[in-house]
Every structure is written in C-alpha cells, then in structure tokens.
Amino acid sequence: MPGPTETLDPRFDDLIVPGAELRRLADGCIWAEGPVWMPESKTLIWSDIPNNRMLAWSEDGGASTFREPSGYTNGNTLDREGRLVSCQHSPGIVTRTEPDGTVITLADTYQGKKLNSPNDLVVKSDGSIWFTDPPYGILSDHEGHQRESEIGANYVYRLDPESGDLTVVADDFDRPNGIAFSPDEKTVYISDTGEPRHMRALDVNPVNEGGTLANSREFAKPDPPASDGFRVDANGNVWTSAGDGVHVFTPDGTLLGKIHTPEKAANCEFGGPDGHTLFITATTSLYAIDVAATRAPRP
Ligand code: MG
C-alpha cells in the first residue's frame with residue numbers, strides 16, 4: 001500500500017520521515033480549522049467552525065472540548081508571550097485569551113464599521129497581529145450569522161494590540177484567507193480562496209519605512225485547490241492545505257511533494273513535544289504525521 005507522502009522533487013525526502021503513517025487523532029467535526037500547538041500544555045487546539053466550538057487534543061488525554069460556544073472561531077495562533085490569539089466569525093472580532101482564561105477583544109471595527117469575519121492570522125516578531133477578513137462567516141448561517149458587510153470589502157489588516165490601531169496592508173485580494181511570514185519576515189504569503197484561487201507572495205517593507213507591502217506576485221496555485229491555511233518551516237518552505245492534503249513549496253514556488261489526506265485539508269501546524277509532528281485539520285478530522293521539518297523560529 002502506498003504511503004501518504006508523494007515525492008515530486010528529491011529535496012522533499014529531507015523534509016519527511018520515510019514510512020511515516022498518517023494518524024487520525026480525532027473526528028466528528030464539520031469543518032476543522034485553526035490548528036495551534038500549545039507548547040506548555042503539549043496540547044493541539046483547533047476550531048470546528050460550523051459546530052461553534054474549539055477542541056483540544058493531547059497524547060495523554062485524547063480529544064476534548066476546549067471552548068463552546070466559540071463565537072465560530074476560525075484561525076488561531078500564539079503571540080510573543082505564548083497567549084492564544086484567535087479570529088472569530090460571529091461576532092467578527094480578533095480575540096486574545098489571557099493566562100487566566102479571560103477572552104478579550106483586540107479588534108472589532110475598522111473606521112467604525114464592523115469587521116466581516118476574521119479568518120486567519122499570524123503574529124510578527126514586533127508583536128503586530130496580521131489577519132485576513134473575508135466574508136465566510138457572514139455569507140450564510142453555516143459558519144456564523146448572515147448579514148451584510150459594513151465595510152463592503154475584504155481586506156488584510158495589521159493590528160497593533162497595544163494601541164488597537166488597525167491598518168489595511170492589502171486591499172486587492174478577492175477573499176484573503178491564510179497568512180504567514182517567511183522566516184526572515186521579509187516576505188508575507190497570503191492565500192486567496194476567491195478569484196483567482198491562489199497564493200501570493202509580497203515583500204514586507206521595514207517598519208521604519210511604514211511596514212507596507214510591495215511587489216505582489218503569484219507564488220503558487222495548489223491543484224486540486226485550495227490553499228486555505230498554511231505554515232512555513234525553518235528552511236522557508238511553505239506547507240499549505242490543498243484539496244487532497246498538504247502541498248510543500250520551496251520559497252521560489254517549486255512544488256516538492258504532497259502529504260495526502262483522505263479528506264480536503266483546511267490548515268496545518270507544526271507541533272508535538274519535539275516539534276516534528278505536522279497536524280492537519282481536514283474537514284471532519286484532525287490528522288498527524290511525523291516529519292523531519294519543523295517550524296520556523298521567530299527572528
Ligand atoms: Mg482559513
């Protein structure tokens with residue numbers, strides 16, 4: 001029986017563990033998203049958006065409910081202090097979970113108008129929170145609650161969590177979705193699950209030059225689509241969700257190989273006690289596979 005990995009470029013074999021099997025850790029979700037590894041508790045937290053809940057998995061405890069209701073939370077990440085930062089669909093806000101469990105709102109409006117439904121996010125080394133705001137949580141009652149967009153556009157934002165200042169960093173995506181930085185933070189990758197359905201790479205100008213984005217170009221176009229959420233490894237390779245699993249691209253956009261999942265994948269995350277587990281949220285299930293690669297350290 002063929003394994004779950006498919007090598008398309010010999011460099012892929014350095015990133016995976018030969019013979020590694022794909023493990024199904026949990027099922028019963030409707031649309032699993034937002035995986036984030038919590039190093040202190042050695043727990044993987046993820047979102048089950050339509051079921052309005054978040055789940056947790058650990059090697060010892062298996063799967064359990066983490067938060068319910070969850071405000072239709074989607075993407076999750078950790079900030080510089082290791083706190084959980086999340087994108088919520090309904091209401092459409094960005095939240096932070098404090099060490100005592102209190103959930104506070106970091107952003108809810110742009111120029112006085114409600115955000116659509118923040119989808120995915122990443123924290124830069126300077127503490128700023130970058131997130132995408134497509135309409136998936138307001139198009140219907142499936143992943144939130146249907147309503148008109150007050151902003152009338154789907155932007156990518158940079159949030160200063162101290163001041164609450166919100167800045168539009170990209171206004172030319174149809175439905176911006178996943179977002180991650182290269183290890184040196186000179187490049188930001190953003191996927192578009194609208195039209196065209198692809199991933200873009202953009203240059204990040206230094207903060208003292210405004211931190212603006214430039215040189216927007218197509219980076220990759222996973223087939224079958226789509227790139228939803230993704231992560232970047234220590235060598236700068238981009239591990240993105242796709243219609244048939246996870247696709248791994250070099251920084252120049254060369255497809256190295258795939259990890260096939262039995263269900264459409266939405267996102268992935270490096271974690272596990274040694275950092276060499278790739279967790280994959282794929283439709284109803286949470287999967288894991290041992291890999292040789294590991295997450296990019298923060299600059
Ligand atoms: Mg997403």
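In listed order, ligands and their atoms are each counted from 1. Throughout, residue positions are numbered sequentially from 1 according to the sequence presented.
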* Asked: Are Asp172 and Arg200 ion-paired here, with the side-chain N under 4.0 Å from a carboxylate O?
  ->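 Judged by the 4.0 Å cut-off on N to carboxylate O distance, Asp172 and Arg200 do form a salt bridge.
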* Asked: Less than 4.0 Å between a side-chain N and a carboxylate O, is that true for Asp223 and Arg197?
  ->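 Salt bridge flag = no for Asp223 with Arg197.
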* Linking directly or through intermediates, with side-chain heavy atoms under 4.5 Å: list the remaining ILVMFWY members grouped with Phe131, chain and number order. =>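 Besides Phe131, the hydrophobic cluster comprises Val85, Val94, Ile104, Leu106, Tyr110, Leu115, Leu121, Val123, Ile129, Ile151, Tyr155, Tyr157, Leu159, Leu166, Val168, listed by chain and residue number.
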* Polar contact flag, side-chain donor to acceptor under 3.5 angstrom, Thr7-Asp13 ->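 Per modelled atom types, Thr7 and Asp13 side chains form a pair under 3.5 Å.
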* To do: Output all residues satisfying side-chain contact (heavy atoms from CB on, under 4.5 Å) with Ala288, sequence neighbours left out; order by chain, then residue number.
  =>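 Checked Ala288 against side-chain contact (heavy atoms from CB on, under 4.5 Å); matches are Arg23, Leu25, Thr277, Phe279.
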For residues 26-37, dump all side-chain donor-acceptor pairs below 3.5 Å to protein atoms at least two apart in sequence or in another chain.
{"residue": "Glu33", "atom": "OE1", "partner": "Asn267", "partner atom": "ND2", "Å": "3.0"}

* To do: Measuring from the Mg ion (ligand 1), count protein N/O/S atoms under 2.8 Å, please.
  =>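 Near the Mg ion (ligand 1), the number of protein N, O or S atoms below 2.8 Å is 4.
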